[in-house]
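In what follows, a structure is listed as structure tokens, so that the remarks can point back to it.
Please read these numbers as outputs of a predicted model, since none were measured by experiment.
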Amino acid sequence: MQTATGRRALITATGSYAPARVLPNSYFNELLGEDVDTWLRQNVNIHSRRWCAADESVADLCEHAARQALTRAGVRPEELDLLIVATDTPEYVSPSTAAVLQHRLGATGAGTFDLNAACAGFVTALDVAAKYVVSDTRYNRVLVIGGYAMSKYLDLTDKKTVTLFADGAGAVLLTSAENTDRGFLTSRLHTEGQYTSWMGIYAGATNQPVTAEVLARNDHKLKFVHRFPKEINPDIWTRLAKEMGGDIKVCPCEVDHYVMTQLNIHAIHETLDRLGVPHERAPLIMEQFGYTGSAAIPMALDKAVTSGDIKENDLVFLIGSGGGLAFAGAAFRM
């Protein structure tokens, strides 16, 4: 993307963190009194996941990931200009998790805000951050973090949710650069708002404040109300990839890596098949970490970068989706 300022937003460093507590599928066999391990392995490729300790929260996860990214980049917290946290499991309803993190890190020069686009939040926040860097010379170092502590919102008796969701955080540092073809190239956002009532955490805010009755019904916990059409992710992910490819005059089959929402391995593979892309171009983390929502994409990106699978000048499409239903895509030349 040619910019009026001549500036580009580069991914300079990544970081990630998952809690120490490991829960294998066998834990849920015992919890629910039936074999859920077989279905989880065969249908979503989840073998284990990490959950927060009782005294651990999303800000703790974000702090670990943030510090790792900053250390790898050789950037001090006080050098940050902006800090964005993408989460729908925040530290508080108010104030923002980003403000909590800014204080913990000592990022005294950074503005802050949270962004909630559910599990599409990280890619949406990365899009916003890149446009800050591209358009405004005051923003040269922006830290974007996807944080997820959904274990705090799970009903342990609900097998539709309790076996899938997990906790973690991933961070990306964007920095400004000029005279380069690398960095942020294009993006897409899309929402299918008719699905807002199909899955979510529906109590605890202004529509349904917490009461004794709400707590008794577990309405403050995550609920799957309806099953989503199984083609909706492959349909929209494929469309976003084709649209971004068109923007930058690249066939989707030429993209080096697809870092995608890590909930269902079959949806990822179907999308890649439609695009004519080998399955190995999509890094996967759900086998070990379960579904980490807004943290899934930056955690998978970090794994691929630190392992050397993603290299400088590789073309990467990040494509996420989550409750709402919200969808987001962003293309970067690493």
Side-chain angles (χ1 to χ4, degrees), residues 16-32 34 36-37 39-54 56-62 65 85-91 97 116-122 145-170 195-196 198-204 218-228 230 233 260-268 284-300 320-326:
S16 64
Y17 180 78
R21 185 186 179 196
V22 179
L23 279 75
N25 290 348
S26 57
Y27 171 88
F28 297 97
N29 286 352
E30 296 178 14
L31 178 70
L32 299 169
E34 61 180 281
V36 294
D37 172 60
W39 186 91
L40 288 165
R41 288 172 180 267
Q42 293 178 351
N43 289 277
V44 288
N45 194 37
I46 292 175
H47 296 195
S48 65
R49 76 284 291 139
R50 307 284 189 92
W51 279 9
C52 288
E56 196 171 29
S57 64
V58 74
D60 299 316
L61 311 183
C62 290
V85 173
T87 187
D88 56 346
T89 60
E91 193 78 352
T97 304
N116 181 359
C119 304
F122 174 78
I145 303 154
Y148 207 63
M150 190 56 81
S151 69
K152 304 288 186 176
Y153 292 95
L154 295 178
D155 177 353
L156 297 183
T157 67
D158 180 9
K159 72 177 182 180
K160 291 185 293 183
T161 58
V162 73
T163 61
L164 298 175
F165 292 87
D167 304 335
Y195 292 106
T196 52
W198 287 39
M199 180 189 74
I201 301 165
Y202 294 108
N218 265 339
D219 283 351
H220 61 302
K221 301 288 189 178
L222 178 68
K223 290 184 179 292
F224 264 131
V225 181
H226 303 290
R227 184 182 295 274
F228 293 101
K230 72 174 186 176
N233 276 332
M260 306 171 77
T261 290
Q262 300 279 306
L263 177 58
N264 187 319
I265 193 170
H266 298 307
I268 292 174
L284 303 173
I285 62 165
M286 74 272 280
E287 180 177 346
Q288 291 179 290
F289 295 106
Y291 181 49
T292 53
S294 49
I297 287 175
M299 289 176 70
S321 60
L325 287 170

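- Rounding to the nearest 0.5 Å places CG of Leu156 at 9.5 Å from OG of Ser151.
- The backbone N or O of Gly290 lies less than 3.5 Å from no partner atom in the side chain of His47, so there is not a single donor-acceptor pair.
- Here Lys221 pairs with nothing under the salt bridge (Lys or Arg N to Asp or Glu O under 4.0 Å) rule; sequence neighbours left out.
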Which atom pairs, donor and acceptor, lie under 3.5 Å between side-chain atoms of residues 18-31 and protein residues at least two apart or in another chain?
| from | atom 1 | to | atom 2 | distance (Å) |
| --- | --- | --- | --- | --- |
| Asn25 | OD1 | Arg49 | NH1 | 2.9 |
| Asn25 | OD1 | Arg49 | NH2 | 2.9 |
| Asn25 | ND2 | Asp37 | OD1 | 2.8 |
| Asn25 | ND2 | Ile46 | O | 2.8 |
| Asn29 | OD1 | Val36 | N | 2.8 |
| Asn29 | OD1 | Asp37 | N | 3.2 |

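- By the 4.5 Å heavy-atom criterion applied to side chains, Leu32 and Thr157 are not counted as neighbours.
- Under a 3.5 Å cut-off, the side chain of Lys152 and the backbone N or O of Val58 do not form any donor-acceptor pair.
- The minimum heavy-atom distance between Ile285 and Ala296, with the atom names listed, is CD1-O, 3.6 Å.
- For Ala118 against Gly322, the heavy-atom pair with the smallest separation is CB-C, 4.0 Å.
- Proximity of Asp88 to Tyr148: side-chain heavy atoms (C-beta onward) are separated by under 4.5 Å at one or more points.
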- From CA spacing to verdict: side chain to side chain contact (heavy atoms under 4.5 Å, CB included), Asn264, Asn233: CA-CA 10 Å; Asn264 187 319; Asn233 276 332; over 6 Å; no

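- The minimum heavy-atom distance between Ser294 and Ala86, with the atom names listed, is OG-O, 3.4 Å.
- Taking SG of Cys52 as the start and CG of Asp167 as the end, the distance is 4.0 Å to the nearest 0.5 Å.
- Within the 3.5 Å criterion, the main-chain N or O of Phe224 finds a donor-acceptor partner in the side chain of Lys160.
- Side-chain N or O atoms of Thr161 include none that pairs as donor or acceptor with a backbone N or O of Leu154 at under 3.5 Å.
- Every residue two or more places apart in sequence or in another chain that forms a salt bridge (Lys or Arg N to Asp or Glu O under 4.0 Å) with Glu34 is listed here: Lys159.
- Listed by chain and residue number, Arg104 satisfy the salt bridge (Lys or Arg N to Asp or Glu O under 4.0 Å) test with Glu91 (two or more places apart in sequence, or in another chain).
- Taken from SG in Cys119 to CG in Leu325, the straight-line distance is 10.0 Å, to the nearest 0.5 Å.
- Proximity of Leu164 to Leu40: side-chain heavy atoms (C-beta onward) are separated by under 4.5 Å at one or more points.
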- Item | Check against side chain to side chain donor-acceptor pair (under 3.5 Å), Asp155 and Asn218 | CA-CA 7 Å; Asp155 177 353; Asn218 265 339; 3.3 Å; yes

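- Residues Ala326 and Ala117 come closest through the heavy atom pair CB-O, 3.8 Å.
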- Applying side chain to side chain contact (heavy atoms under 4.5 Å, CB included), run through Ile297 and Thr261 and close with a yes or a no. CA-CA 6 Å; Ile297 287 175; Thr261 290; 4.1 Å; yes

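- In terms of the side chain to side chain contact (heavy atoms under 4.5 Å, CB included) criterion, residue partners of Ile201 (sequence neighbours excluded) are, by chain and number, Met150, Tyr153, Leu222.
- Applying the side-chain contact (heavy atoms from CB on, under 4.5 Å) test between Glu287 and each of Asn45, Val44, Ile265 identifies Asn45 as the sole match.
- Smallest separation of non-hydrogen atoms from Cys62 and Val85: SG-CG1, 4.3 Å.
- A distance of 9.5 Å separates CE of Met299 from CD of Gln288, quoted to the nearest 0.5 Å.
- Among all heavy-atom pairs drawn from Ala295 and Gly170, the shortest one is CB-N, 4.1 Å.
- At least one side-chain heavy atom of Gln262 sits under 4.5 Å from a side-chain heavy atom of Ile268.
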- Query: Could you walk me through whether Val225 and Tyr202 pass the side chain to side chain contact (heavy atoms under 4.5 Å, CB included) check?
  - Reply: CA-CA 11 Å; Val225 181; Tyr202 294 108; 4.2 Å; yes

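- Counting only heavy atoms from C-beta outward, the side chains of Met286 and Tyr291 never approach each other to under 4.5 Å.
- The ring pair (Phe, Tyr, Trp, His ring centres under 6.0 Å) check on Tyr195 picks up Trp198, Phe228, with sequence neighbours excluded.
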